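If you're wondering where the values come from, they're calculated on a predicted model, not measured in any experiment.
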Amino acid sequence: MLQPSTPHETLLRDLRRISLRLRLSDALFFASRSLWLGLTAFALLALLGHFLPLPLWRIWALSPLGFWLGLVVAYPLFRPLPLQRVAQRADSLLLLSERLATALELHTQKEHGQLDDLQQEDAANVGHQIQPHQIPFQAPSKTLRWSIIPLFVGLALLFLPNPQDAILAERQKIQQTVEKVAKEVAEMKQKVAETKELKAEERVELEKYLTELQEKLRRNAEKQEAALADLSDAEAHLQQKLKPLTDARKAALEQMARNLQNAQNPADQQANQRPNLDQVAQQLEQLAQQLAKMTPEERQKLADQLNQQAKQMTATDPQTAQNLAAAATALQQGNSEQAAKQLQQVAQNARETQQQVAGQQAVQQALGTIQQGRQQLAQAGQQQAQTGQTGQTGQTGQQGQKAGSGGGSSAQNLGQRQSESKAGVDQNHPVVSDSKGNKRDIIYQPYKASGQKGQTDSVQGQQGQQGQTEIQQGQNELPGTDNASVVPYQQIFPEYNRAAGEALDRSAVPPHLKEYVRSYFSQLEPASAPK
Amino acid sequence: MTHPPQVAPNAAFSPDEFRQRAQIIEAEVGQVIVGQRDLIRQTLVTLLAGGNALLEGVPGLAKTTLVRTLAEVIDCKFSRIQFTPDLMPADIVGTTLISEDEHGHKAFRFEPGPIFANLVLADEINRATPKTQSALLEAMQEHTVTVAKTIHVLPPPFFVLATQNPLEMEGTYPLPEAQLDRFLMKINVTFPTSAELVEIANRTTGARLPQPRKVANGELIKRMQSLARTVPIASHVLAYAARLITATHPQTKDAPSIARQYIRYGASPRGMQALILMGKILALLDGRLNVAFADLRAAALPALRHRCILNFEAQAEGVSSDEIVKGILESVKDE
């Protein structure tokens, strides 16, 4: 480093040394003066975090201190401190009688007086004798003392248990659940895209709807009510897509094929097995080809059987019934060609029904996914509500929770979903026994705020194979006489479900109780019924 | 008797010599005047600043002795004018007389008055009429006297030291503001302490009276005056002086409350000149080569106390101008 050659250069060098010390002193002074602000903000935010469910409230509470620290560091670095000001402050702090500032200013003046050089030399000598540590650090002790209060308050709030943490955890769980549901919807969309049996327009429509649902869920990932509403809307929309008679038509067609096979080949062992719709179509086509070879007696017998089948299928599949009746009439008239044409039309109906069944299965799968997601989300919400109730009244509220947690059994068409459904029946469907020892499923067990057990409503389930309800097609066409049901259950369920949904939307019902109703209808919906 | 140093007209005069010479002058005056160090210092500062001073104090506080001693010490011509109500301006500045030479020719001849001296003591100046008092205005400001359309230059260094008695106000004519403003400073002469009284008694009642030495001369004083004016002053110090002057004006927005309450009219620009000049000399006397805030603060009281014209409220409440100037000094920050 070059040695300064003039008093002015010496003075500049010494002032730069003093400048560093002054910046440090200023930073400490600023820090001590402003510390109470940072600590007060820290304590206030920590306090706020104990009253409001602020995500990452600890980080937010500490952020003012970080901001304060940044300011303290930035203050000496970026604060302009010209040398003239340094000289004035050094003069003032070290009682130099304005020597340094005067000398610095004299150097910039064009006109030089008699004493200017002497003055600058004197100032340079004085400045050279200054040691930076002579400049004292100033810290207002009163301000620092007051800073202790918010410091202790903030630290105490930071480490004391915060009741808002539980609420935040629940919210996070809800968010995770919504994201999980959105992911399941995306997977369902992928499955729909891979389902070849679906018609192209149905597949596109379903994919589009699932995409919209996925986007809505991601938008409302933090809003449980909105996500539930989206899922409910989607559920209602898909419910409308369900064609209640499809399963009945399928069953009727399969039953018809079995009856015809029994009639023609009573000894055939396969006749007791229900054929699938493709086999039904093939069987009908074979029958149509054999018509020309049949004897009149055989034709008459087949015509009678076709008539009988037509009558049975009038309610579930009028078109097929009409074709069967027309085929029977043609056979009776000896018009085997017309009869064969009508039977081929029935075969075509069977194939169309098979395609419809595939589409329905896809819709039901989507519906099952949505219902499961909604129930998971509702459970997360119920836990949150339970947390809130427990925090307020000390009641557990578990009486009402169990009835609402018994979902997850609606999508029986998927193997995986079936196993989940079975497990769900065992775990989530509490069973009670009546006075006669019959086992009944609890379908509604309302929660009471007082903690008392609510009144139990139960219904006796029909135990079919593997615990699933079996649909029996009645033999009599008259309603209410020998049928399994007067009106097909699948036909009226959407209307009841929609009415219940509208009633829930209009009425002032607590959210967690709304979910009980939704769960109730979810368990009753046709998608959960076994084939 | 010590002879004053012989100073060449163009010889360099260093600040150290300035300070040493001033200390010697103070010491010599101090041989005669007991105590009153502030009085001696401020009188010397006024002399070195080329200004005039107004001494206010009760009789017998050695005001006249101080001026006389100072004149002896700096080896300058001294004259004393006792102001009385019947004193006329011509008695001060001089008059034109008809004189006859040896050839019998008669002509007007100017007879200089007592003002034609280096050090003029205007004793009890407030006892003369305003007309007579105003005869000093030109001499004090321009160091000239105009008589019969002729301007007579007064011999440098010229220094008027006026005294007035604050007690006996009967039959006096208070100095007008314009006259007061001509005084560089107003010095309050305080009563000596007991110890000083004892020392005064010892010195003045003994067989041998103290005799001051001549340690300077008019040329030296002029050089000292010139050097004093070259002392540099930083702009922020200058700004502080300006703020002080501005603060004495009650109508300005920066005026402190005490000025707003008690001052009718504040200091003139001459007040600022006085502050700066005194500051420069004080700096040199302190061994510094620049004016500091402390110098201005030290000069503020004598420079501003007679320039702050108090209002009726201040007079009614007995608030002195010294208190007001001190209040202004406290309220005006130097940074």
Side-chain angles (χ1 to χ4, degrees), chain A residues 6-8 10-12 14-15 18-19 22 25-26 29-30 79-130 135-136 138, chain B residues 7 9-22 48-49 222-244 275-300 332-335:
Chain A
T6 64
H8 179 69
T10 305
L11 182 62
L12 288 181
D14 293 329
L15 285 176
I18 297 169
S19 174
L22 278 176
S25 173
D26 289 349
F29 184 74
F30 175 76
R79 181 174 177 247
L81 190 59
L83 286 181
Q84 183 67 33
R85 183 66 188 146
V86 172
Q88 290 179 15
R89 293 185 58 191
D91 284 337
S92 174
L93 289 169
L94 302 176
L95 304 177
L96 301 180
S97 300
E98 286 65 60
R99 277 187 175 88
L100 305 184
T102 304
L104 209 59
E105 190 175 326
L106 285 177
H107 186 76
T108 62
Q109 291 179 352
K110 293 178 181 176
E111 295 180 0
H112 284 267
Q114 182 182 346
L115 297 180
D116 288 4
D117 292 339
L118 287 174
Q119 200 280 334
Q120 290 183 66
E121 195 174 338
D122 173 56
N125 290 334
V126 171
H128 195 60
Q129 292 169 2
I130 296 174
I135 294 177
Q138 297 173 329
Chain B
V7 180
N10 295 323
F13 196 75
S14 72
D16 287 339
E17 288 174 308
F18 180 99
R19 185 160 57 93
Q20 288 168 5
R21 187 55 56 182
L48 297 176
K222 280 165 60 181
R223 289 194 172 278
M224 291 175 77
Q225 287 175 346
S226 298
L227 182 70
R229 287 179 175 267
T230 62
V231 174
I233 178 169
S235 58
H236 66 291
V237 182
L238 211 53
Y240 174 65
R243 287 202 301 276
L244 280 178
L275 268 182
I276 303 300
L277 273 175
M278 291 168 67
K280 288 182 173 185
I281 294 163
L282 288 173
L284 283 175
L285 293 178
D286 196 35
R288 278 181 285 109
L289 300 171
N290 63 281
V291 182
F293 293 121
D295 299 327
L296 299 182
R297 281 192 285 268
V332 178
K333 301 300 176 190
D334 55 13
E335 287 188 27

Step by step, would you call B/L284 with B/L48 a side-chain contact (heavy atoms from CB on, under 4.5 Å)?
CA-CA 11 Å; B/L284 283 175; B/L48 297 176; over 6 Å; no

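- By the neighbour-count criterion of 12 heavy atoms within 6.0 Å, atom NE2 of A/H112 is densely surrounded, having more than that number from other residues, nucleotides or ligands.
- Of all the heavy atoms in B/F18 and B/L285, the pair that sits closest is CE2-CD2, 3.9 Å.
- Of the listed residues (A/S97, A/A123, A/A101), the greatest number of heavy-atom pairs within a distance under 4.5 Å of chain B belongs to A/S97.
- Side-chain N or O atoms of B/K280 include one that pairs as donor or acceptor with a backbone N or O of B/R229 at under 3.5 Å.
- When the candidates B/S235, B/P15, B/A294 are compared by the number of heavy-atom contacts under 4.5 Å with chain A, B/S235 comes out ahead.
- Neither the backbone nor the side chain of B/L238 comes within contact range of chain A; no heavy atoms are under 4.5 Å apart.
- Minimum heavy-atom separation, B/A228 to B/I281: CB-CG1, 3.6 Å.
- Here the shortest heavy-atom pairing between B/A241 and B/I276 reads CB-CD1, 3.6 Å.
- Between the side chain of A/E98 and the backbone N or O of B/A234 there is no donor-acceptor pair closer than 3.5 Å.
- Partners of B/D286 by side chain to side chain donor-acceptor pair (under 3.5 Å), not counting sequence neighbours, listed by chain and number: B/R288.
- Of all residues spanning residues 102-111 of chain A, those with a heavy atom less than 4.5 Å away from chain B's heavy atoms are A/T102, A/E105, A/L106, arranged by number.
- Contacts of B/V237 with chain A are made by side-chain atoms alone, with heavy-atom separations under 4.5 Å and no backbone atom involved.
- Of residues 83-93 of chain A, those residues with a non-hydrogen atom less than 4.5 Å from any non-hydrogen atom of chain B are, in numerical order, A/R85, A/Q88, A/S92.
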Worked verdict on B/F293 versus B/H236 for side-chain contact (heavy atoms from CB on, under 4.5 Å):
CA-CA 9 Å; B/F293 293 121; B/H236 66 291; 3.4 Å; yes

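- Within the structure, every pair that satisfies the salt bridge (Lys or Arg N to Asp or Glu O under 4.0 Å) test and touches residues 113-124 of chain A, not counting sequence neighbours, is listed here: A/R99-A/D122.
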